[in-house]
Structure formats: C-alpha cells, structure tokens
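Below: one structure, written as structure tokens.
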Amino acid sequence: MPQTLGDGVRLLRAFVTNPRQVGAVLPTSRTAVRAMLDLADVPAAGLVVELGAGTGVATREILARLGAGARLVALEIDPQLARRLSERLDDPRLQVVCGSAEDLDGLLDGERADVVVSMLPFTSLEAGLRRRLLDQLPRALRPGGTAVVIQYSPLVLGELRRRFADVRTRVTPWNVPPAFLFACTGARDRSGGDEPPAPRRSHRA
Ligand SMILES: C[S@@+](CC[C@H](N)C(=O)[O-])C[C@H]1O[C@@H](n2cnc3c(N)ncnc32)[C@H](O)[C@@H]1O
C-alpha cells in the first residue's frame, strides 16, 4: 500500500476507535505542516518536542529541518501509531514515546524544549483534559522558546493567550479542512489553567 494511503487508513482506524482523542479523519497535509514549522526556528533548536505525532507527517518534516546534533522527542498516546512511527523512522535524533502529553513534565525530567510542536486535537477533547494539556505548553519551553499549534478552528486562541504573552495566528487553506496555525512565545509564569472569573452578580437587599 502506498505510504500516504496507508497513513490515511491507519489514522482513520485510530479515529473510529477513539474519535475525540484523534480528532481528525485525514492526516495533516505536508503543506500545512511546512507552514506551521516555518513559524518556529527548528534548525536552531537543540530539543524539539512533538505532541500527538500520529502518522508522523510533522515528525518527518521536523527531522528534515533539525540540526545534526539536535534531538526530537515525539509523543503519541495511541500504541499502534507510536509503534508504527518508531518502526518506520530510523533516525538517531528521534525518540518516539508512547504516552500522554499530560505527563510531559515528568517525561522531560527537568529538560526544556526550544520548540514544542502540537498536533493535539484540543477542541475535541474534554475541557479538563484540554486545560491540563495546554498547561504543558509553557511549562515545557525554555525561556525564548516557541510553541506552534495546529487546529481546525480558532476556538483555542483565548486559552493560548492566557498562557503566552504573544500568539500569532495564520490560516492555511492547503489542508482538509483548512487549518489555523498559532505561534506562541513569551510563556507566562503561571499554570494558566483557570477560566476567567465569572461575572459578579449584584445583590440588592
Ligand atoms: C489530529 S491527530 C494528528 C495526527 C497527525 N497530524 C497526522 O496527520 O498523522 C492527533 C493525534 O494526537 C494524538 N493524541 C491525542 N491525545 C494525546 C495525548 N494526550 N498525548 C499524546 N498524543 C495524543 C492522537 O492519538 C492523534 O494521533
């Protein structure tokens, strides 16, 4: 089976098993991935972390841009997708980890990334899990680092702005569906997981 068709079938199978966790029926296009990675300085990075590597479309492009002595840690929660990825991509700079991005803090063991690339389907996830995953983005970055995020809607923008001082947004039509790209810098020194306070009601005696 040709690689792209095989990837499509694998992602569709994972989607049927766990639709909210996968959040997409088609792999991200290479054009969208390239536009996303153009928003961060991957070639200068010492450590890049990818969250939700899936079929590896972004993993391959990150490796193509990454320096010889640098490292890429790619997290994928689905065991079959993770196994397939580590079998197919034989690169000494790559470490595929089968686990949840919720545990990123512990997995990095005190290390911090220059670039975090998130392919996670934030908007289809349950709200508490989404907030815990979003909290990992600023925590995983070195000062001056960049998190790049791809989504199929702009709904996550407010939550990103609570966690980063600067969020640039792009839209790429070269994906099915068209994708929103976010480049986040200036990680705020807080967990950022809380929602804005509810408006106060005035009570009259
Ligand atoms: C929208 S798909 C992205 C797939 C990739 N862009 C591709 O085209 O193959 C989201 C991926 O995130 C993974 N994922 C979801 N929740 C995760 C979590 N908590 N930790 C790590 N990976 C997760 C899913 O299994 C899925 O592979």
Side-chain angles (χ1 to χ4, degrees), residues 1-40 42 48-65 72-89 94-108 113 115-137 139-140 147-156 159 172 174-182 193:
M1 201 182 322
Q3 183 175 298
T4 32
L5 183 59
D7 284 347
V9 170
R10 264 179 286 280
L11 197 70
L12 186 59
R13 222 181 266 149
F15 176 82
V16 169
T17 311
N18 208 334
R20 291 188 75 176
Q21 181 175 285
V22 175
V25 289
L26 291 173
T28 313
S29 76
R30 284 182 71 191
T31 310
V33 164
R34 286 178 178 153
M36 179 190 192
L37 296 180
D38 285 348
L39 299 173
V42 174
V48 177
V49 172
E50 183 189 359
L51 309 177
T55 57
V57 59
T59 319
R60 281 185 213 93
E61 187 62 30
I62 296 166
L63 288 170
R65 296 177 183 215
L72 168 59
V73 176
L75 257 78
E76 173 49 56
I77 200 167
D78 182 301
Q80 289 181 26
L81 291 174
R83 183 165 35 84
R84 177 80 188 160
L85 199 59
S86 51
E87 281 169 5
R88 270 191 16 205
L89 296 180
L94 172 66
Q95 181 190 1
V96 177
V97 177
C98 182
S100 174
E102 250 191 294
D103 304 322
L104 184 59
D105 241 354
L107 291 168
L108 289 180
V115 178
V116 173
V117 177
S118 172
M119 312 299 286
L120 297 172
F122 289 118
T123 42
S124 69
L125 297 173
E126 177 271 320
L129 174 59
R130 176 173 68 244
R131 282 197 288 272
R132 291 194 298 281
L133 289 167
L134 283 161
D135 284 345
Q136 292 292 337
L137 300 180
R139 279 190 212 145
V148 285
V149 171
I150 187 166
Q151 292 290 284
Y152 299 137
S153 89
L155 290 174
V156 81
E159 294 198 72
T172 174
W174 309 114
N175 193 71
V176 183
F180 292 80
L181 310 174
F182 304 97

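For ligands, and for the atoms within them, numbers begin at 1 and follow the listed sequence.
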Among T59, D7, T55, side chain to side chain donor-acceptor pair (under 3.5 Å) partner for R88
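That would be D7; it is the only one of T59, D7, T55 passing the side chain to side chain donor-acceptor pair (under 3.5 Å) with R88.
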Checking Q136 now: which residues fulfil side chain to side chain donor-acceptor pair (under 3.5 Å) with it, not counting sequence neighbours?
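So Q136 forms no side chain to side chain donor-acceptor pair (under 3.5 Å) with any residue.
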Ligand 1: which protein N/O atoms lie under 3.5 Å from its N/O atoms?
from, atom 1, to, atom 2, distance (Å)
ligand 1, 6 (N), T28, OG1, 2.8
ligand 1, 8 (O), T28, N, 2.8
ligand 1, 8 (O), T28, OG1, 3.4
ligand 1, 9 (O), T55, N, 2.8
ligand 1, 9 (O), T55, OG1, 2.4
ligand 1, 19 (N), S100, OG, 3.1
ligand 1, 20 (N), A101, N, 2.9
ligand 1, 22 (N), I77, N, 3.3
ligand 1, 25 (O), E76, OE2, 2.6
ligand 1, 27 (O), E76, OE1, 2.8
ligand 1, 27 (O), E76, OE2, 3.3

Sequence-distant partners of A14, side chain to side chain contact (heavy atoms under 4.5 Å, CB included), two or more places apart
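Per chain and number, A14 pairs via side chain to side chain contact (heavy atoms under 4.5 Å, CB included) with V22, D78, L81.
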Pair listing, side-chain hydrogen bond (donor to acceptor under 3.5 Å, both in side chains) test, anchored in residues 98-107, at least two apart
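Passing the test, one end in residues 98-107: E102-R132.
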Okay, side chain of T28, backbone of V33: is any donor-acceptor separation there less than 3.5 Å?
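Not confirmed, T28 side chain does not pair with V33 backbone.
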Under a 3.5 Å distance rule, please check whether Q151 uses its side chain to pair with a backbone N or O of L120 as donor and acceptor.
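Yes, Q151 side chain to L120 backbone: donor-acceptor pair under 3.5 Å.
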